[in-house]
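In what follows, a structure is listed as structure tokens, so that the remarks can point back to it.
Indexing begins at 1, ligand by ligand and atom by atom, following the structure's order.
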Amino acid sequence: MSLPTRDAGSASPPFASLSPAVWRASTVVFDTLDDFVERKQRQPDGYSYGITGTPTARLLETRIAELEQARHCVVTPSGAAALMTTVMAFVRGGDHVLVSAACYGSLLAFCQRWLAQMGVQVELYRPTLGADVEALIRPNTRLICLEAPGSLTMEMADVPAIAAVARRRGVLTMMDNTWASPLGFRPLAHGVDFSVEAATKFFSGHSDVLMGSVSTNDAEHYAVLRETQSILGQQVSPEDCFLVLRGLETFALRLAAQGQATLALARWLAQQPEIEQVMYPPLESDPGHALWKRDYAGYGCLFSLVLREAPPAAFHAFFGALQQFPIGASWGGVHSLAAYYPGELQASRPYPATDRPLVRLSIGLEAVESLRQDLRAGLDAYAQHAG
Ligand SMILES: *Cc1c(COP(=O)(O)O)cnc(C)c1O
């Protein structure tokens, strides 16, 4: 039996589709021995082995780079992988890294429990620090990690100020931009070196795929990122790339609709007697509002609530009464979600924003009025137990 040795990648008679091809490959085959021997020279953009992606991954990287207005992009199997791959690409033992205390939990854990054990000096800084971060820079400071608004507690940071200080002092900056997405904020345009997105969230939009991206304008940094992705085995599935490419087709419309609904619901929640605080920079009452207004467009779809003090039974009643908000982690999909973070977890954080439990809501594409009624029913159940 003889098997075909090549997929010619073209059909006869001619075929055209509006959707991208899903190219699968572990092995990439070469025309000549010379091509094979020199295969590494095809990096960082080309194809030499499946680990660095096939044309399906490259197409997704091109689309994300367009959104970020970046020259280069590398996709990774998750948002977490994008953060850790970037850190592993540029940080070595003996370096000092500055990490916002409001950065994504896995990044904090990685820095504190892995990097710190590998001879890296890890220092957490106050999420709202701004240009004062300069006082923390040491001769061996290599990287500043930012996220704005901060994970869970939504602290805003003066990103341009931090990026300007870092540039002047020769320190790299990495920003987790997942909350705003590049349609709400473009980190690279504000002087940040690496813009990281959890494509799991808005880009994919349907709560069914994990993906991350790192975008940069610097060709040398891009080559290092690509090599690190390869060495660490951070390969992306072409099927998953296809799903994110499909999600991107409706991304701008979803973001706009979910953002409008989120603003309306956050404003309404802020007026309910059971709500003590809405952590959401687009609200005028939020301490980060001025920075948000100066630098950001769009409203995101995610905010956190501090409810009036009540026993744990009230939270169980609240979550139990909700019909339109399944309980779950992650966010940014077309389905609304609710999540809970205990007060002790907040209190134990360096530079805590609160010591109270947080309810985090992600707003999807359901009718706003039915979401509002559902939340009102949840708050009624809460109030019955709150005394
Ligand atoms: C979800 C999330 C991540 C991690 O993304 P995964 O794809 O779930 O690994 C990173 N940063 C932020 C801000 C997130 O919300």
Side-chain angles (χ1 to χ4, degrees), residues 57 60 64 68 73-88 99-111 114 127 145-157 159 173-185 187 192 194-215 229 232-237 239-241 243-244 247-248 251 255 258-259 262 279-281 288 292 296 298-304 328-333 335-341 345 349 353 358 360-364:
L60 176 58
I64 295 175
E68 300 266 6
C73 175
V74 171
V75 288
T76 59
S78 67
L83 292 167
M84 307 326 154
T85 301
T86 307
V87 172
M88 289 302 276
V99 187
S100 162
C103 272
Y104 185 67
S106 299
L107 177 68
L108 292 179
F110 178 69
C111 290
W114 275 262
C145 302
L146 307 88
E147 182 180 334
S151 267
L152 305 184
T153 38
M154 304 283 160
E155 296 94 333
M156 282 300 295
V159 179
T173 45
M174 171 180 81
M175 176 166 178
D176 185 331
N177 190 48
T178 307
W179 183 88
S181 91
L183 294 185
F185 184 76
V192 171
F194 307 107
S195 175
V196 170
E197 311 283 347
T200 305
K201 312 292 166 54
F202 276 130
F203 289 180
S204 96
H206 293 76
S207 312
D208 54 7
V209 61
L210 289 150
M211 185 76 67
S213 68
V214 191
S215 299
Q229 178 211 11
L232 296 182
Q234 302 281 12
Q235 185 262 354
V236 290
S237 148
E239 270 84 7
D240 289 353
C241 290
L243 287 173
V244 178
L248 284 177
F251 165 47
L255 183 71
Q258 289 176 244
T262 304
M279 294 169 162
Y280 184 54
W292 174 84
Y296 283 59
Y299 305 115
C301 76
L302 188 72
F303 58 84
S304 295
S330 203
W331 57 274
H335 299 280
S336 294
L337 285 175
Y340 175 81
Y341 301 91
L345 199 78
R349 208 187 82 181
L358 293 179
R360 191 179 74 170
L361 298 180
S362 174
I363 305 303

Subject >> Identity of the nearest option to atom 12 (C) of ligand 1, non-hydrogen atoms only, from Asp176, Val209, Leu210, Leu152 >> reply: Asp176

Original post:
Which atom names give the shortest non-hydrogen contact between Cys103 and Cys145, and what distance separates them?
Top reply: SG-O, 3.9 Å

**OP:** Would you mind listing which atoms of ligand 1 come within a distance below 4.0 Å of any non-hydrogen atom of Trp331?
**Re:** 15 (O)

**OP:** Pull out every atom of ligand 1 sitting under 4.0 Å from any heavy atom of Glu147, numbered as shown with elements.
**Re:** 13 (C)

Given 3.5 Å as the limit, does a donor-acceptor pair link the side chain of [X] with the main chain of [Y], or not?
X      : Y      : result
Gln258 : Cys301 : no
Ser336 : Gly364 : yes
Gln234 : Thr76  : no
Ser213 : Val75  : no

Measure the distance from [atom] to every protein heavy atom, then report the residue, atom name and distance (to 0.1 Å) of the closest one.
atom                   : value
atom 2 (C) of ligand 1 : Lys201 NZ, 2.4 Å
atom 7 (O) of ligand 1 : Thr200 OG1, 2.5 Å
atom 9 (O) of ligand 1 : Ala80 N, 2.8 Å

**OP:** Please confirm whether Phe185 and Trp179 have ring centers closer than 6.0 angstrom.
**Re:** no

**OP:** Ignoring angles and geometry beyond distance, decide whether Gly79 reaches within less than 3.5 Å of ligand 1 through its nitrogen or oxygen atoms.
**Re:** yes

